[in-house]
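Accompanying notes for the structure given below.
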Amino acid sequence: VRLGGIHKISKVLKQMSSEKEVCRHAIAILFDLMREVPGSPSDVSKIRTIALNAGIHESVTKAMANNNSSAEIFMMGQQILLGTGYSGQMPQYDGPAPKLS
């Protein structure tokens with residue numbers, strides 16, 4: 001966060017949004033950064049603000065739209081968008097129903 005990592009991840013998502021594995025890993029990092037974990041020293045609201053300033057809504061929706069059959073990208077992407085107050089059109093998942101264990 002201190003070295004501009006969120007901005008770099010957002011930029012990678014915009015530039016490589018059709019690369020499924022790149023998007024999956026980038027969104028997983030963002031997802032982990034923005035989770036509220038009790039007792040965590042990180043300030044999630046500050047991280048979310050940085051992410052919004054980095055254009056995370058555009059980056060995540062583009063990655064979701066270009067990888068619309070990846071359940072992992074969609075589940076994490078939706079949580080990121082909802083957790084940061086996204087109010088636009090949510091991309092539609094077009095893959096198989098996730099298997100529940």
Side-chain angles (χ1 to χ4, degrees):
V1 173
R2 292 182 193 156
L3 300 176
I6 293 174
H7 287 278
K8 290 174 184 163
I9 292 170
S10 181
K11 186 175 179 179
V12 166
L13 278 174
K14 287 176 188 170
Q15 293 177 346
M16 301 185 75
S17 64
S18 61
E19 298 293 328
K20 183 178 179 178
E21 289 303 308
V22 171
C23 290
R24 189 173 65 82
H25 287 288
I27 287 178
I29 291 168
L30 291 172
F31 181 80
D32 285 343
L33 281 172
M34 289 192 256
R35 280 190 318 170
E36 292 192 34
V37 178
S40 173
S42 65
D43 183 359
V44 177
S45 63
K46 183 177 179 181
I47 293 170
R48 288 180 181 157
T49 301
I50 293 168
L52 288 171
N53 290 335
I56 204 69
H57 287 166
E58 178 188 351
S59 301
V60 172
T61 55
K62 188 174 181 181
M64 290 170 70
N66 288 340
N67 297 281
N68 64 350
S69 63
S70 172
E72 292 174 319
I73 290 173
F74 257 80
M75 288 189 288
M76 290 185 288
Q78 284 179 335
Q79 290 300 312
I80 290 169
L81 293 174
L82 293 172
T84 54
Y86 180 70
S87 61
Q89 177 92 18
M90 191 73 71
Q92 296 299 308
Y93 176 66
D94 194 30
K99 295 179 182 179
L100 301 174
S101 301

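Owing to the predicted nature of the structure, the values given are computational and were not obtained by experimental measurement.
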Listed pairs under 3.5 Å, donor-acceptor, residues 82-89 side chains, sequence neighbours left out:
| from | atom 1 | to | atom 2 | distance (Å) |
| --- | --- | --- | --- | --- |
| T84 | OG1 | H57 | NE2 | 2.7 |
| T84 | OG1 | I80 | O | 2.8 |
| T84 | OG1 | L81 | O | 3.2 |
| Y86 | OH | Q89 | N | 3.4 |
| Y86 | OH | Q89 | O | 2.9 |

Are the side chain of S10 and the backbone of A54 linked by a donor-acceptor contact shorter than 3.5 Å? yes
Sequence-distant partners of K11, side-chain contact (heavy atoms from CB on, under 4.5 Å), two or more places apart: Q15
Separation of M16 CE from S18 OG (nearest 0.5 Å): 7.5 Å
Which atom names give the shortest non-hydrogen contact between K62 and K14, and what distance separates them? NZ-O, 3.1 Å
Can you check whether H7 reaches I50 side chain to side chain, under 4.5 Å on heavy atoms? yes
Applying side chain to side chain donor-acceptor pair (under 3.5 Å), can you list everything that pairs with E21, at least two apart in sequence or on another chain? R24
Only pairs at least two apart or in different chains count here, so list each salt bridge (charged side-chain N to carboxylate O under 4.0 Å, His left out) that has a residue in residues 85-94. none
For N67 and C23, work out which heavy atoms get closest and say how close. ND2-SG, 3.6 Å
If you measure from CD1 on I6 to CG on L33, what distance do you get to the nearest 0.5 Å? 5.5 Å
Provide the closest heavy-atom pair for I27 versus M76 in the form atom of the first, atom of the second, distance. CG2-CB, 3.6 Å
With sequence neighbours left out, write down each residue that passes side chain to side chain donor-acceptor pair (under 3.5 Å) with S17, or none if nothing qualifies. N66
To the nearest 0.5 Å, what is the distance between CD1 on I47 and CG on L52? 12.0 Å
Taken to the nearest 0.5 Å, the spacing of R48 CZ from D43 CG works out to 10.0 Å
Taking only residues two or more places apart in sequence, or in another chain, which ones meet Q78 in a side-chain contact (heavy atoms from CB on, under 4.5 Å)? M64, F74, M90
